[in-house]
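Worksheet: the structure to be examined is printed underneath.
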Amino acid sequence: MLDTPGTGALIAIPAWNESGSVGSVIAKVMTVVPDAAIVVINDGSTDNTEAVARAAGATTLSLPFNVGVGGAMRTAFLYARREGFTSLVQVDADAQHDPEEIPNLLGALDTADVVVGTRFHQDSTYRVRGPRRWAMSLLSWSLSKMAGKEISDTTSGFRAAGPRAIDLFADAYPAEYLGDTVGSLTIAIREGLSISEVPVTMHYRRIGRPSKSALWSTLYLGRASLALLVQLLKRNRHSLREPVS
Amino acid sequence: MTATVLAIVTSVITLIFIIDLLRRGVLKEKYAVLWLGVAGTALILAVFPGLLNWITSTIGVEVPANLLFFVTIVVLVLVSVQLSYELSRHEAQIRRLAEEVALQEEEIRRIRRALDPE
C-alpha cells in the first residue's frame, strides 16, 4: 500500500493462528482509517494467517517461529522506525479491539507519547474478579505512582505510540509474557515519555469459564507481580540496541 | 584403597572424555577449560588424598568429605547460573534474528515487486 516511506499511521496487528478473524479485522481497519498502512506480524502461525492477511491487503512480517506478542510488537516498532512512520496503533487480530476507536487513540497522541485504551471507565461493562482484579489493581497503583498520574488499565493491548515511543520501543520493547504490556509502560515512564488513557470497549470472544480461570487468575497475579518487579529492578533499558548503520 | 583407585579412574575417564569432546570440536574452549579444571582438581585430590585432609584441617572443617561436597555443590550451582545466563542471552539474540528475518523478507518482497511489477 504505502511504498513511499511513510508519514502517517501504521496499524500493527500481531497475529498467531488467527486466520479466522484477521481478514475481517483488516477490512474493518481499512474502512475506519483508509490512509493508514496496515502491517500484520505473523508470529510463527501454523495456519494460513499470512496468506489471509496479504489477501486482505496488509503488509506482512512473518517471524520464523513463535516469539510471543512482545517480540512481534518489537518487530512492528522496528518496521515503523525504519519506514519512518510517526505513529503506531496496536490492534489485536482476534477482533476484541474495535477499529472504530483507532481515531480516538491517534487523536490522543497529539498530547501524549503513549496512549492506552482503557477498559475501566464509567460506561464500561468490563469486570474482573478475584486474583486477576488484585493483580490489575496492584499494577495500576504502582504504575500510576511511577507516572504521577492515573493509569487504570496497564494490561490493555489496544494502544498507540507516537514517534518518541516508536524510537524507544524499537530497541527496548520487552518480550516476556505480560512484560510486553506492563514492561513497555514502565520503560516509557522511566524514559520520561508521557502516557494518557482513552476509554475503549472490548469484545471478548469467550466469556466466563469460572472453574478453570481461578487457578489461571492466581498464576496471572504471580506473573504480573513478577513482571513488574523485574521491570523495576532492571537497570539497562537497551539490552540489544540496534546497530546504527 | 579401593576408594582412591575409584576416584583416580573416574577423574581420568572424565578428563579423557572432555579432551575428546574438545578434540572433536563439540565443546567450546571456554566450557572445556572449566570442566578440565574440575576434572583436573578431582584427579589431584584422588592421587594425593592427604592434600584434602590438609586443606580441611587448615580451614577448620571437621570431615574432609563435607568440604568436598560443599565445594562441589557451590561449583555446580555457579555453573548452572552461568548456563542460564548464556541461555537467556542466546534466546534474546535468536529472537532478534527472527525479527530481522521477518523485516528482511518483507524488504526482499518489496524489492522484487519493484523490479518485476507483475
Side-chain angles (χ1 to χ4, degrees), chain A residues 1-6 10 12 14-15 37-45 49-50 53-54 58-83 169-177 179-180 230 234 236 238-243 245, chain B residues 17-18 20-22 24-38 69-118:
Chain A
M1 228 168 29
L2 279 190
D3 267 41
T4 42
L10 177 68
I38 303 173
V39 65
V40 170
I41 308 92
N42 170 30
D43 190 8
S45 296
T49 295
E50 185 184 16
R54 288 163 56 98
T59 300
T60 55
L61 299 172
S62 268
L63 291 156
F65 44 80
N66 185 265
V67 296
V69 182
M73 281 315 296
R74 195 172 67 174
T75 314
F77 284 111
L78 279 167
Y79 179 76
R81 181 164 73 183
R82 290 183 191 178
E83 300 297 320
F169 289 153
D171 291 317
Y173 207 80
E176 288 87 16
Y177 174 74
D180 62 314
V230 167
K234 260 187 189 164
N236 62 329
H238 305 299
S239 51
L240 282 169
R241 195 166 171 103
E242 191 184 13
S245 53
Chain B
F17 180 57
I18 287 159
D20 186 51
L21 286 180
L22 193 58
R24 286 188 289 154
V26 186
L27 203 62
K28 281 195 77 176
E29 283 86 344
K30 64 171 172 176
Y31 299 111
V33 165
L34 170 79
W35 293 118
L36 285 175
V38 170
F69 288 139
F70 173 72
V71 172
T72 307
I73 289 165
V74 168
V75 167
L76 290 182
V77 166
L78 287 179
V79 170
S80 316
V81 171
Q82 149 75 5
L83 289 179
S84 300
Y85 163 78
E86 296 271 351
L87 194 60
S88 304
R89 214 167 52 103
H90 288 167
E91 274 177 20
Q93 288 173 338
I94 290 168
R95 198 168 52 83
R96 185 70 190 77
L97 284 174
E99 292 167 7
E100 203 56 49
V101 166
L103 291 163
Q104 300 292 342
E105 192 187 43
E106 167 54 24
E107 185 109 37
I108 290 167
R109 205 182 290 139
R110 194 190 315 187
I111 292 168
R112 276 202 173 148
R113 214 184 300 134
L115 289 175
D116 179 28
E118 267 171 55

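Computed over heavy atoms, backbone and side chain alike; hydrogens, waters and symmetry mates excluded. Throughout, a chain's letter reflects where its sequence line sits, starting with A, and its residues are numbered from 1.
- A distance of 9.0 Å separates CD in B/Glu107 from OH in A/Tyr79, rounded to the nearest 0.5 Å.
- The shortest non-hydrogen separation linking B/Ala98 to A/Pro64 is O-CD, 3.5 Å.
- The two atoms that bring B/Leu103 and A/Thr75 nearest to each other are CD2-O, 3.9 Å, heavy atoms only.
- When A/Ile41, A/Val67, A/Leu63 are compared by the number of non-hydrogen pairs under 4.5 Å with chain B, A/Leu63 comes out ahead.
- Residue A/Phe65 qualifies as enclosed at atom CZ: its count of foreign heavy atoms under 6.0 Å is above 12.
- Using a cut-off of 4.0 Å between Lys/Arg side-chain N and Asp/Glu carboxylate O, A/Arg82 and B/Glu100 are scored as salt-bridged.
- The nearest pair of heavy atoms linking A/Ser62 to B/Glu105 is CB-OE1, 3.7 Å.
- Interface remark: B/Leu97 contributes no atoms to any contact with chain A (heavy atom separation under 4.5 Å).
- Between A/Thr60 and B/Arg109, the side chains place a donor N or O and an acceptor N or O closer than 3.5 Å (distance only, hydrogens not considered).
- Residues B/Arg95 and A/Gly71 approach most closely at NH1-CA, 3.6 Å, considering heavy atoms.
- Between A/Glu83 and B/Arg110 a salt bridge is recorded (basic side-chain N to carboxylate O distance below 4.0 Å).
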